[in-house]
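Written below as structure tokens is the structure these notes are about.
Note that the structure is a prediction, hence the values are computed from the model and not measured. Chain identifiers are assigned alphabetically (A, B, ...) following the order of the sequence lines, protein sequences preceding nucleic acid strands; residue numbering begins at 1 within each chain.
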Amino acid sequence: MTAEDIDFKAIEKRWREEWQKAGIFKAKVEKGKRKFYCLEMFPYPSGKLHMGHVRNYCLGDCIARYKRMQGFNVLHPMGFDSFGLPAENAAVKQGTSPDKWTEKNVGEMKEHLHALSFSYDWQREISTHNSEYYKWNQLFFLKLFEKGLAYRKEAPVNYCPSCETVLANEQVIDGCCWRCKSEVQEKMLEQWFFKITDYADELLSDIEKLEWPEKVKVMQKNWIGKSEGTEVQFKVENLDIKNSEFIFLHAFQDTSESVFWPWLKKEIEKQGGKVVFAPNLPNPNEPNIEEQAEFVLKKYKFNSKSVIITHSLGGVLAMKLLPKLGTKIKKLIMVAPPLRTEFLDGKKRPAVEKACDWNFDFNRIKEKSESITVIADEKDHIVPVSHPKEIAERLSAEFVLTTGNKSHFNSEEEPHVLNEIVATIPIFTTRIDTLFGVTFVVFAPEHPLVDKWVKGTKYEAPFKKFLQEVKKETRMQRLAAEGEKKGMFIGRHAMNPLTGEEVPVYVGNFVVQDYGAGAVMAVPAHDQRDFEFAREHKLPVKEVVQPFIIKTDGEDAIRENLPFKKRDSVVCVVKHWAEDKYLCLDWKQTFWHGFVIGGVEEGEDPIETGKREITEETGYKNVRFVKKLGPRIHSQFYHVVKKQNRWAQFQGLYFELVDGKQVEISEEEKKIHGVLWLDKSKVEPFLNVDDMRILWRRVFAESAYGGEGILVNSGKFSGMHSKEAREKITQELARKKLGKKSVQYKIRDWLISRQRYWGTPIPIIYCKDCGIIPVPVSELPVKLPASDKVKFGEGNPLSSAKSWVPVVCPKCKKLARRETDTMDTFVDSSWYYLRYCSVQDKMRPFAKEEAEYWMPVNLYIGGVEHAILHLIYARFFTKALADLGYLKFREPFSRLFTQGMVLKDGEIMSKSKGNIVSCDDMLAKYGADTIRLFELSAALPESDLEFREQGINGSYRFLQKLYGLLSADYPKKGNDVVDEYLIAEKEKLISAVSEKIETLRFNIALSQIFTFIEKVGRYKNFASAGTMKEIAHDIALLLAPFTPHLAEEFWNKYGGKGFAALAEWPNAKKLNSGQERALKAMQLVESIERDLDSLLSIVRKKGKVVSGASIYAVPEDHKTLNGFVEIFERHISKVRIFSTQDKKKHDPLNKAEKAVQGKPALYLE
RNA sequence: GCGGGGAUGCCGGAGCGGUCAAACGGGAUGGGCUUAGGACCCAUUGGCUUAGUGCCUACGCAGGUUCAAAUCCUGUUCCCCGCACCA
């Protein structure tokens, strides 16, 4: 039979139909049966199925079929992620509608999926654009909204101008849109968010439980970006305190000694300010505002330095006072000022009413103060927030709404009030141990306070310019890996909370507003970035951590029980007087390779020590000191020569020799070390201790020491190790209410609003009177209007749906409008795996019992490109749904497998590159089994696969060969040894294939099957029909997950019961002794074949013609070899096999003598 | 910079302490079959040596552990991927 005779397509068609008819892939909950949920990421129906998709599904199908044969109750569903932008774009471009376009594509893709006979339960198919699906998106949205997990806020968001919609953080890659690659813009917009940050910690810690590729886990960890540290408060003057005179005006029934006044006075004085006037106003219990104003005017002369701070009714006084002033004052700060007499506690205050006429000349007040700030307490129980708010508006003043320590700011300490004078800025750091090394503070240029600080100062103009530049450059710089560190001083100083030291405040382009608090404390000595900035701006560098190295292994590892001997030492790097060579020492009694080193004597200058040691150890006498090599290094080690534990404090010094003049060195020194001059490039490899390496690097590059170590110059924390110091300093800060432990995350809430049509409408109604009103659950789904009712290409399409947008407010029944944004389509894919569990359920998104049976997904297969996006959203959704009571488990995918890509000419297949190999051509040419075989055998599933048609051809040939082999007729009786041998090899194959499938190394499983089939082909003339039948039977089973149609064909042909697809996966049997013997025997045969070949080629090379061969075997071997003449005659005709004991053998060269057991001798003629 | 993964023949890639000059596939070369091509079959594909089953050199580089290392450990170089002025 020739290859062309095999009609693979007919075979495939037949079995596809049989399976379908029997419905064998339909999944049903069967309690008590082990389940296996096998899932491949569902496709976006972008067009035809290509080889990349196919690979994904082949992998999943192989496992699904394998698990099914192993007796698992397998759920293997498929569906379509059918909402999304391309449909909308295609609709605009091709004049079709998104739904038609989508459904056409879905149809085509399904056709191919069917043709490849993936074992999906098609009853469970879903398409996310179906309102029966997306209504549940809406339900979840409402539930999340109820719980506060969905919220609306105005925020700077990423906007893609080409997709005309906003994007989530996760969808911005290198500053560009993940889909279309155009640069995203930043916009301030009010949008809907899911509060994924609430789950940041759990999302992070649960990663450990997952059987996922390390790579993906790391990516998720990075994305969540947890860092633990300390939030520390720095104070920055909001106004120039030292050049101000503070005036306090107290409230009704108060004095200048009550409430927060004494505390505020103290705080201001701490900052170097002066409270010049804090009168006890006349008649505080029955005040007369006019009288009080006169009183104040008489007692104090206002000037341009005056800063008035008022509390409550004091504010009314100030407003009466100001218009009467002859000069302008610096600032007026009004704390909770009343404007009218309706107080929240319901109490009448007749005295207050009598005292005030509440008529203010707002314009004149405005004129009399440089700036005005009004502070209100959100929880004020006396003055309604509307009063200070109105005052602020009328005065065009800054309005600050906060929460007082006590209502109406009646506490003895009111930090918010102080904050208007001295701002307290929280700064996040992971290295609070370096707090004493802070020499400046850097703010993000976008920081709101910065704007306030520079206003009206000489820094304002240059800052504005700087801000512009930064905004423009940010994106470009990010792309150009190492941006320049730019920044400027803004005329303010910040106070170090522990040392009280004042350090300058800068803005810098490298500080980002949305991480931490938008400000950093800069420690140039211990942070490379700060170091560079400091050098640029000539800022001081203050050393507070010294490296600390402990040797814990090797022969100089510290000895447990010995005390430490502390030594001040110097390490001297010495340069040659003429060449670029450096003086190194090779210690003879130990392995140390290093530089000249020595102990500093009491009272000795380290530089002198260095010079002395250089001369003592090497003889060179004319040395010149050049520079110190950074801070000291602490090193604990065992001094092998001196036999003691050392705690050395090394000062690195750099010298240059003036000339080569030497003095004689002592014999003793010569014994200790050899002196070497090494080329610059040879020094680094020569050194073998860390401290020497650190010093060597410092010769050439100054840099910050970013590691940990021992604190110095840090007050009472000096001498502590970094780790301990972090604890202690944080505690100290907490005690002083100047800091606390803090955890920062990089992950931001998930922005889900999209200004596009083809997605799930957000079920929200905006009512003028009632505000944001959720659509009642009973009204779901909020269906999309038909696509011919909307206009594309002009902003948000849904807002053009004239009959859709207006809606009756569910609460007040007045006319309201619908939300016109749709949801990010990643919402759809965040829970589709749950819908599969009970697709048909009309009442619920999914049936809890079913989900609990099938979930979690046992194996999830897809591309790495979803490592962050889809996979983190789905995890979040699962957790949120669990908290909403829908689920009991909190992780959706136990095991994840990320398959490699299918490449064509080294590139990813894509429409834009025009290199897509669509699967229908391949199907028509080779059929489904061949394609499946190729996709699975060509490479490891996780590595990329280069698509080559020759490769497909190889798979095709294999199937033809296999078919021929298994379809042929075989004799009843064969060679017993071969029969046993083949069966033994088959058993070995079964266990190997099972193991490889379990570990998803399908290509290796297949290569082993190939090898086996090769062997069968080799010995087919010796095999019996029975053996071949057994082989065909098991091969059918082993191949069933890979090439299911052909496998089914063999299974059927050789009398298998039912379907191979449902048959039990074979178990490898242990080999019996006969089979073991057969294996050995065939090894013998094969080794003779090899020998024959090598002899033949040698002899033939010499030009001799070989006409026959004799084989001389010891009697045992002789017995097994008889019967294999035919095999040997494949190599050379006329082969005779003799026993070495056969006296009459033909043996002219006496070769028989060479034969030993297992190695027969050969003779050629 | 931080983190993850690699480096094996002409190529893709197995092997993960001894059975390894290295599975399987592809390519190349030679031979068979053919009018020819394709397809198919056979052989060769690190070097040397040989009427034989032997030797040498090789699993990025340098060391180490071991009776024994492609395989384990240490250092180092290069490549790929992810994250990144992250405080």
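Side chain of A/N496 to main chain of A/L435: a donor-acceptor pair is present (N/O by atom type, distance under 3.5 Å, no hydrogens or angles). Remark: side-chain polar atoms of A/Y705 are paired, donor with acceptor, to backbone N or O of A/E708 under 3.5 angstrom. Remark: side-chain polar atoms of A/N158 are not paired, donor with acceptor, to backbone N or O of A/V184 under 3.5 angstrom.
Each salt bridge (charged side-chain N to carboxylate O under 4.0 Å, His left out) pair with one or both residues in residues 427-440 of chain A, not counting sequence neighbours, appears once here: A/R431-A/D433, A/D433-A/R726.
Across B/rG52, B/rG13, B/rA87, the shortest atom-to-atom separation from the side chain of A/T430 is found for B/rA87. Here the nucleotide nearest the side chain of A/K746, chosen from B/rC86, B/rA51, B/rG52, is B/rC86. Closest contact between the side chain of A/F510 and the listed nucleotides B/rG52, B/rC85, B/rC86 involves B/rC85.
Contacts of A/Y1112 classified as ring-ring contact (aromatic ring centres under 6.0 Å, His included), with partners at least two apart in sequence or in another chain: A/F1138. Shown here are the ring-ring contact (aromatic ring centres under 6.0 Å, His included) partners of A/F934, two or more places apart in sequence or in another chain: A/F947. Partners of A/F466 under the ring-ring contact (aromatic ring centres under 6.0 Å, His included) rule, at least two apart in sequence or in another chain, do not exist in this structure. Partners of A/T197 under the side chain to side chain contact (heavy atoms under 4.5 Å, CB included) rule, at least two apart in sequence or in another chain, are A/K195, A/I747, A/D749. Every residue two or more places apart in sequence or in another chain that forms a ring-ring contact (aromatic ring centres under 6.0 Å, His included) with A/F1010 is listed here: A/F958. By the side chain to side chain contact (heavy atoms under 4.5 Å, CB included) test, A/H447 pairs with A/F443, A/L449, A/V450, A/Q513, sequence neighbours left out.
Residue A/R529 has a polar side-chain atom (N or O) positioned under 4.0 Å from OP1 or OP2 of B/rC86.
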Polar atom pairs between nucleotides 74-80 of chain B and protein, under 3.5 Å, N or O only, would you list them?
none

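Taken residue by residue, residues 217-229 of chain A places heavy atoms nearer than 4.0 Å to RNA chain B at A/V218, A/M219, A/N222, A/S227.
A side-chain contact (heavy atoms from CB on, under 4.5 Å) with A/T230 holds for exactly one of A/I729, A/I427, A/T430, A/T730; it is A/T730.
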Watson-Crick and G-U pairing of RNA chain B written in dot-bracket, each distance under 3.5 angstrom, with | for inter-strand partners: ((((((((.[[[..)..(.....]]]((((((.......))))))(((.....)))...[[[[[..)....]]]]])))))))....
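Using atom P as the reference point in both B/rG26 and B/rC16, the two lie 24 Å apart (nearest Å). Nucleotides B/rC10 and B/rU65, compared at atom C1', are 36 Å apart to the nearest Å.
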Distance-only check: which donor-acceptor pairs under 3.5 Å involve side-chain atoms of residues 213-225 of chain A, not counting sequence neighbours?
from, atom 1, to, atom 2, distance (Å)
A/K217, NZ, A/L210, O, 2.9
A/Q220, OE1, A/R875, NH1, 2.7
A/Q220, NE2, A/A867, O, 2.8
A/K221, NZ, A/E208, OE2, 3.2
A/W223, NE1, A/E170, OE2, 3.0

Under 4.0 Å protein heavy-atom contact, by nucleotide of nucleotides 15-31 of chain B - B base, S sugar-phosphate only: S-------BS-S-----
